[in-house]
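Have a look at the structure below before the remarks.
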Amino acid sequence: MKLADLLSEKFGYRDFRTGQREVIEDLLMRKDVLAMMPTGTGKSICYQLPGYIFSGSIIVVSPLLSLMEDQVEQLKRSGEKRTVALNSFMDFEEKKRVLHRLSSYRFIYVSPEILENEYVINELKKISVSLFVVDEAHCISQWGHEFRTSYLKLASCRSALGNPPCLALTATATPEVRDDIREKLEMTGCSMHIYQVDRPNIALTVEQYTEHLDKLNRAIGLASTLCGPGILYASTRSWAENLAEHLRQRGTHRVAAYHGGMENEERLLIQKQFLNDELDIICCTNAFGMGINKPNIRFVIHFHMPSAMESYVQEIGRAGRDGKKSLAVMLYCSGDEEIPGMFIDHEFPEEGQVLHCASLPAAGRESFAAMLERFEMNESARRFLVYQFEKEGYFANEGDVLPEDAKKRILQKIRSRKAQKRKKIDEMVEWIKGDFCKRKRIAHIFHEELEERPEQCCSFCRADIELFFQEDSQQQLQTEAPINWQKELKLIFNQESDDQHEELGSSTADPADERQRITH
Amino acid sequence: MNTREGLLLYCFKKFNGERSLSGILHLINGKKTSQTLSDGHLFELSFLFAVFPGLGREEFEQTVNHLVEAHFVKKLKDRYIISEEGEEQLTKFLKERPYIFAFNGLRYRDAEMPFSRLLAEYIQALSYSTRNVYDFLPATRDPVTHFRVKRIFPKRQERQAVAGRLYEEFFALLSKLPEPYAEVFVLKLSRYGRTGLTNQQAAAVLGLQEEDAEFNFRFVLHYLLKYAEGREAVTYPILNRLVNCLEVNDPLTVSAQKTWRLLKSGKSMEQIISIRRMKRSTIEDHLVEISIHRPDFSIRPYVSEQEHARIVTAFQQLQTKKLKRIKESLGDDISYFKIRLVLGRAGDRNETGRSIK
Ligand SMILES: [Zn+2]
């Protein structure tokens, strides 16, 4: 069967998108592949399609639980039942059940953390693995913006599984991060597929303010006049809530906040409402977005700057996946860079904490990790510390304290990593403030050649932001129908009267026609 | 008056100044200790256990101060007592919420979220699949819920019939409730054509405070659980089937459960103290808890019949649940432990021969 036929049979697409066929062909030749493709361009097809050609299972390492589960759900919905996600949040019984029938799965999604579990590795060893996929591969590089120590063990894990071919996927990685990925994953004779970071259909504008209030007013003004749906990024939970509240007060009702402080259930509801076009605007922290595939996002406004150009490019890349004209607005007020600066300090343990831990006699990795939880240290700082101590052989010598030189190495590492991160922020600020074509500079940072500039290029090239305003600015008039719970209950259980029933019952149609009954 | 104020008034009335503010806070924000559990039982407030999970001290005290300023509660030294005006407000509050006692924090605290996830996912799947639409995102990300729904979800040809019956069950149960409860409940569910609302959104649509919307929703969950697993379960077979997927929890603290297992295996109190290497007072706390929640536990080895009778008499004469006053009237040979055991047994079953009101 031809690849294109398989693509349409299994996934319902007629054509490959840029790069997919090339990557798949290399994988079929059993090559290691590093593929950099912008988010939303169908990275997952690159390993899902070979899944129907290879005889063994495909292991997909994914850093985020939600991302993983979205993928599994998507596959299941498209009819692929032989899919499973293994993660540390599964209860014991469920995990046991899955591990005992691993070989029956075509796609096995795993978190990097669960691959540290020896029992899991041993079970995986028993099955035949045709492809080892590392999603968000930039997480393996400490030069990258989302370094995760658990990724560093993936190479040894892959070799334990008999060195199946490896596919490393990422959306944004600078050349040095790409080199790092190849090295850390021990990808020899690796074939590289790099597709552009530049998205010609997204206009890039930057606005600078000296007064915070002016910036706030502008953000609210823009969000309520730009053509939606859109995303407003803020750096803290309270700002995400704040912006949503401001918008509501201005009469924009279909808006909600989304951040890590909300209950899982509530976050999922917001996400679904946005995907189903029941909401126009999401005000969120960077917790929102990964794995969200909504084609018609028209604008992304940054109320606060992210901490690196990589994050920025990834976040604005959520706009315009349908290829239509979209807008990215960066709103900057002097001093904004202090917020990501503060985050950096929290990402690493303090010097005193390192020294304290180093002075304790070693007593096993688990109890060490448990002890750290009692410290006022965030998760990434704890992970960093456990990993560094392990690397220095601390847990191997029970009862011993950490030697002087090891202590120095760790402290040095913290200092240099913080300095790197600060440089990333500086790069971001420079991009914001500089008098140059914003698009050209992004291309330059990611070592791309810019072939041509679109008409609506960037604020430096005088892109016209008014082109992105709603055509008639009379906001969606909200007719709030009074709630009738009896009627709602009928709708829930498909108990409408017969004529109505027929109309709804026959459809696989767009549920949108009903949506307006209740607005929020 | 919002739900928190109303329920706090109810607590003040029941506690009648016999417990400190902390005692009330720990009860309503769900701090599971032997003390809270036995207080809840003693003052007939167990149903309000964890009614406001995560409520902080500061916010709690603000509400209390608000009640004091409104003269609904009187402050006497460090104790708080409901005023006559407060009583009136409370009566009004309870009248507007006739089923409030269906809330059962002690029993359903741990089951409410799994139940809510199960309903959300099951009902959404039914809502879509009865319209032959299968392309939708599940309502939760919880693998346990997926598993449960998969296990009990009806076959294709039965779905419309099950939807019809479940509709009837919900209609019958929700019809008995005041509208705001039913309204919040249906709005929070996702169906074909509309994603469920968050608490904040539901509150905005209905003109409620967010905490009230959340309470209303949780109240309906408790109410459904009660009817779906209680004596009337046969009337609501589909709901009953849903509830049977869950493990409704044990009201004992984990530590007291261990003590109870040891007791049942024939160990004496002294042996348990040494096996568990715990203080005597801790094990005593466990026994008090056990006496409340395990009807098959006999308190006789710890309190003689004659002692029991003396404690009951003192309690009836003094008309107080203040242990100190009861203890003072009884003298040195009756320990606090014995008094708590007897009062623990008293609670709902009224072995003291007089209902505690
Ligand atoms: Zn430009």
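Reminder, nothing fancy here: chain letters follow the sequence lines and each chain counts from 1.
With B:Tyr128 as reference, B:Tyr192 is the one residue of B:Tyr192, B:Tyr122, B:Phe153 to meet the ring-ring contact (aromatic ring centres under 6.0 Å, His included) rule. Residue A:Trp485 forms a ring-ring contact (aromatic ring centres under 6.0 Å, His included) with just one option from B:Phe170, B:Phe171, B:Tyr181, and that option is B:Phe171.
Put simply, the side chain of A:Thr252 does not reach to within 4.5 Å of the side chain of A:Asp280, judged on heavy atoms. With contacts defined as side-chain heavy-atom distances shorter than 4.5 Å, the pair A:Lys76/A:Glu80 does not qualify. Here the side chains of B:Val184 and B:Phe219 are not in contact, with every heavy-atom distance at 4.5 Å or above. In this structure, the side chains of A:Lys272 and B:Ser190 come closer than 4.5 Å at one or more pairs of heavy atoms.
When heavy atoms are compared at a cutoff of 4.5 Å, B:Ser175 approaches chain A by way of both its backbone and its side chain. Contact of B:Leu137 with chain A is made through backbone and side chain together, with heavy-atom distances under 4.5 Å. Residue contact with chain A, scored on non-hydrogen atoms closer than 4.5 Å, involves the backbone and the side chain of B:Tyr167 alike. Proximity to chain B involves both the backbone and the side chain of A:Leu489, based on heavy atoms less than 4.5 angstrom apart. Only the side chain of A:Glu94 comes within less than 4.5 Å of a heavy atom in chain B; its backbone stays farther off. With a 4.5 angstrom heavy-atom cutoff, B:Leu174 touches chain A via backbone and side-chain atoms both. Residue A:Arg248 touches chain B through its side chain alone, counting heavy-atom pairs closer than 4.5 Å. Residue contact with chain B, scored on non-hydrogen atoms closer than 4.5 Å, is absent for A:Ala85.
Between chain A and the residues B:Met113, B:His146, B:Glu183, the largest count of heavy-atom pairs under 4.5 Å involves B:Glu183. When each of B:Leu126, B:Leu206, B:Leu166 is checked for heavy-atom pairs under 4.5 Å with chain A, B:Leu166 comes out on top. Of the listed residues (B:Val144, B:Asp142, B:Val162, B:Asn199), the one with the most heavy-atom contacts under 4.5 Å to chain A is B:Asn199.
With sequence neighbours excluded, the residues that form a ring-ring contact (aromatic ring centres under 6.0 Å, His included) with B:Phe217 are B:Phe185.
With hydrogens and angles left out, the side-chain atoms of A:Gln273 and B:Thr195 include no donor and acceptor closer than 3.5 Å.
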